[in-house]
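One structure below.
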Amino acid sequence: MSANNQPLTKEQVFQLAKDKQLYAGNLIEGASSTRTVENTTPIDNSVIGNIADATAEDVDVAVVSAREQFNQGEWRQLPPAERKRRMQKWARLLETHLEELAALDCIDAGKPITECLNTDLPATIETFDWYAESIDKVFGKVAPTGSDALSWIIKEPIGVVSVVLPWNFPAQMFAWKVAPALIMGNSVIVKPAELTSLSAYRMVELAYEAGIPKAALQMVCGRGEIVGAAIGQHMDIDMVSFTGSTEVGRLFLTYSAQSNLKEVVLECGGKSPQIVFEEAEINSDMIDNILSAAFWNMSENCSCGSRLLVHSSHKQQVIKQLIAGLDSWKLGDPREEAVSIGPMIEKAHFEKVKGYLDKTLEEGGELVAGGKIHDTLGSGWYIEPTVFDNVDPQMSIFKEEVFGPILAITSFETEEEAIKLANDSSYGLAASFYTKDLKQAIRVANQIQAGTVSINGFSEGDITTPFGGYKQSGFGGRDNGLEALEQYCQTKTIWVVN
Ligand code: NAD
């Protein structure tokens with residue numbers, strides 16, 4: 001990014017954006033096209049530079065290099081301790097460039113800079129360190145065959161793996177998939193979301209500086225329907241790990257069925273419930289947690305707690321405290337450190353979220369907070385954190401993923417009713433609930449259909465814990481934790497017959 005490859009400050013990144021100098025390109029071994037398109041920022045919809053607009057042929061070139069690299073073994077046959085060393089070196093380089101990468105995500109995705117600096121990038125670096133450390137601590141098994149045979153079961157890398165990423169946590173989603181896929185010894189082809197390629201580009205450049213062979217980690221930038229589809233349908237990609245919408249996730253299963261039966265792991269959408277039981281203590285911690293679950297990252301968050309189910313006895317008090325708590329959620333230019341709500345990612349998405357505001361009013365939702373659009377600010381795609389009461393389970397806002405700052409409140413009378421409402425969704429990514437009653441906590445946690453359940457707080461877990469969804473929130477595996485390594489390897493049994 002800078003001439004002498006020194007890390008940039010956030011002010012320098014913001015200036016480069018003003019000068020239209022931010023660039024993300026393909027990083028493909030061998031020839032590839034140099035076609036680019038303009039890249040804009042959701043902050044004010046201005047052009048900030050260019051990004052590559054790859055073709056299906058570019059994907060082909062990348063796959064040939066990736067396959068050659070895998071067969072020849074330059075990366076996968078390195079001793080695990082050496083792969084670890086290089087990954088750790090990469091993590092240190094990412095640390096040195098933390099401010100630059102945070103500013104790239106801020107400008108590219110409209111994410112609050114404070115979040116990028118203090119949450120996204122530290123978590124990204126931790127992910128690289130954690131997977132680097134894991135690799136020489138994972139062992140195979142010996143089967144109990146009896147003394148006339150010896151059988152051992154080992155894990156091998158799959159081969160050519162492609163990771164297809166969403167735009168909501170650009171650096172972090174890159175880390176969640178690239179770190180385990182690469183450390184297992186695969187050749188990895190990254191396809192970032194077309195709206196947010198900047199940090200991925202910089203991170204891959206730094207990987208090369210750390211000694212990751214070029215053909216072991218390549219990047220193809222471009223549109224989903226072209227590059228994503230070419231990856232999904234490719235006959236020589238062995239596995240795709242996808243994070244994004246359930247709608248596009250479904251396509252990857254079709255692509256696989258229509259091509260080479262590549263393995264597919266999907267991390268998709270959600271419509272996560274938060275429950276306040278009669279047995280809960282209403283306090284400011286709980287309110288802060290509910291607001292974070294609902295509005296963190298402009299609610300452009302797969303595990304966003306967008307449905308609040310409240311026991312009727314607590315409803316008025318909870319609403320009153322939510323409204324008061326929203327005072328500290330400052331909406332504005334995400335480059336400012338005090339801001340916690342920036343713009344929606346793009347105009348089409350803004351229109352979609354606005355559509356839900358209008359529809360919820362039409363369908364009988366009662367607006368109790370927010371609801372305003374700040375159309376004179378920057379791009380005009382700024383929506384206040386909004387709370388609707390009296391949301392009926394038949395309403396669209398109860399069922400559909402909005403991916404924007406709208407919290408829907410529904411009241412209930414009994415524990416059984418709350419569980420039924422919580423599970424009344426085609427999604428099952430996350431859930432959180434509040435109670436002081438331990439027996440109730442255990443009972444309810446066991447009945448909620450979701451990949452992550454948080455009691456008396458909101459959490460997605462951390463790098464040590466697997467993350468993924470039940471029902472239409474996911475398919476085929478989990479991100480994070482040692483479970484994620486399973487996605488990126490295959491199992492081989494070797495028999496020695498006596
Ligand atoms: P998206 O599905 O539109 O795009 C995701 C990726 O798929 C992008 O790289 C895109 O270019 C590509 N793509 C789009 N159309 C394609 C096509 N026809 N064929 C092949 N590839 C295609 O998702 P998004 O809008 O970038 O991200 C938001 C979604 O991601 C939300 O639904 C959110 O819940 C989900 N998400 C899930 C998790 C999780 O861990 N479960 C994490 C983050 C985001």
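Each ligand, and each atom within it, is numbered from 1 in the order the structure gives. Every heavy atom of this structure was used, including side-chain atoms; hydrogens, water molecules and symmetry mates were not.
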Atom indices of ligand 1 within 4.0 angstrom of Glu194 heavy atoms, with elements
10 (C), 11 (O)
Going by distance alone, is a donor N or O of one side chain under 3.5 Å from an acceptor N or O of the other, for Ser259 and Gln233?
no
Option with minimal heavy-atom separation from atom 38 (C) of ligand 1, where the choices are Ser245, Cys302, Gly270, Gly249:
Cys302
May I ask you to list the atoms of ligand 1 that are less than 4.0 angstrom from any heavy atom of Leu251?
17 (C), 18 (N)
Check whether any side-chain heavy atom of Tyr131 sits under 4.5 Å from a side-chain heavy atom of Ile463, and report yes or no.
yes
Residue Tyr255 vicinity, atoms of ligand 1 by number, heavy atom under 4.0 Å:
17 (C), 18 (N), 19 (N), 20 (C)
In this structure, atom 7 (O) of ligand 1 is nearest to the protein heavy atom Phe242 CE1, 3.3 Å
Protein non-hydrogen atom below 4.0 angstrom of atom 4 (O) of ligand 1 present:
no
Do me a favour and list the nearest non-hydrogen protein atom to atom 27 (O) of ligand 1 with residue, atom name and distance?
Pro166 CB, 3.5 Å
Would you confirm whether the ring centroid of Phe169 sits within less than 6.0 angstrom of the ring centroid of Trp176?
no
Answer yes or no: is there an ion pair linking Glu205 with Arg202, defined by an N-O contact shorter than 4.0 Å?
yes
Between Val248 and ligand 1, which residue portion shows a heavy-atom distance shorter than 4.0 Å: side chain, backbone, both, or neither?
side chain
Taking atom CD of Glu351 as the centre, report whether more than 12 heavy atoms of other residues, nucleotides or ligands fall under 6.0 Å from it.
yes
Does either side chain, that of Trp296 or that of Glu115, offer a donor lying less than 3.5 Å from an acceptor on the other one?
yes
Does at least one non-hydrogen atom of Gly469 fall below 4.0 angstrom from an atom of ligand 1?
no
Does NZ or CZ of Lys271 fall inside the cone over Tyr427's six-membered ring, less than 6.0 Å from its centre and within 45° of the axis?
no
Under the side-chain hydrogen bond (donor to acceptor under 3.5 Å, both in side chains) test, which residues partner Glu263, sequence neighbours left out?
none
Return yes when atom NZ of Lys347 has more than 12 non-hydrogen atoms of other residues, nucleotides or ligands closer than 6.0 Å, and no otherwise.
no
Atoms of ligand 1 less than 4.0 Å from Trp167 heavy atoms?
24 (P), 25 (O), 26 (O), 27 (O)
Would you check the N or O atoms of Ser473, main chain and side chain alike, for any that come under 3.5 Å of an N or O of ligand 1?
no
Answer yes or no for Phe252: is there a heavy-atom contact with ligand 1 below 4.0 Å?
yes
Please identify which atoms of ligand 1 are closer than 4.0 Å to at least one heavy atom of Glu401.
31 (C), 32 (O), 33 (C), 34 (O)
Can you list the ligand 1 atoms lying under 4.0 Å from a non-hydrogen atom of Gly228?
20 (C), 21 (N)
Give the residue, atom name and distance (to 0.1 Å) of the protein heavy atom nearest atom 40 (O) of ligand 1.
Phe467 CE2, 3.3 Å
Does the side chain of Ser426 come under 3.5 Å of the side chain of Gln472 through a donor N or O and an acceptor N or O?
no
So, does Val164 sit close enough to ligand 1 that a heavy atom of it is under 4.0 Å from the ligand?
yes
For Glu38, look at atom CD and say whether over 12 heavy atoms of other residues, nucleotides or ligands are found less than 6.0 Å away.
no
To atom 22 (C) of ligand 1, the nearest of Gly224, Gly451, Cys268 on a heavy-atom basis is Gly224
Tell me, which protein residue and heavy-atom name are nearest atom 44 (C) of ligand 1, and how many Å apart are they?
Asn168 ND2, 3.3 Å
Ligand 1-proximal atoms of Asp479, by part, heavy-atom distance under 4.0 Å
neither
Ion pair present between Lys111 and Glu300, side-chain N to carboxylate O less than 4.0 angstrom?
no
Please confirm whether Gly232 comes under 4.0 Å of ligand 1, counting heavy atoms of the residue only.
no
Show me which atoms of ligand 1 lie under 4.0 Å from any heavy atom of Phe403.
28 (C), 31 (C), 33 (C), 34 (O)
Decide whether a cation-pi geometry holds between Arg478 and Phe467; the criteria are a distance under 6.0 Å from NZ or CZ to the six-membered ring centre and an angle within 45° of the ring axis.
no
Run the side-chain hydrogen bond (donor to acceptor under 3.5 Å, both in side chains) test against Asn260 and tell me which residues pass, sequence neighbours left out.
Lys262
Sub-4.0 Å atoms of ligand 1 with respect to non-hydrogen atoms of Leu165:
5 (C), 6 (C), 8 (C), 9 (O)
Proximity winner for atom 35 (C) of ligand 1, if only heavy atoms of Gly244, Pro170, Ala229 are counted
Gly244
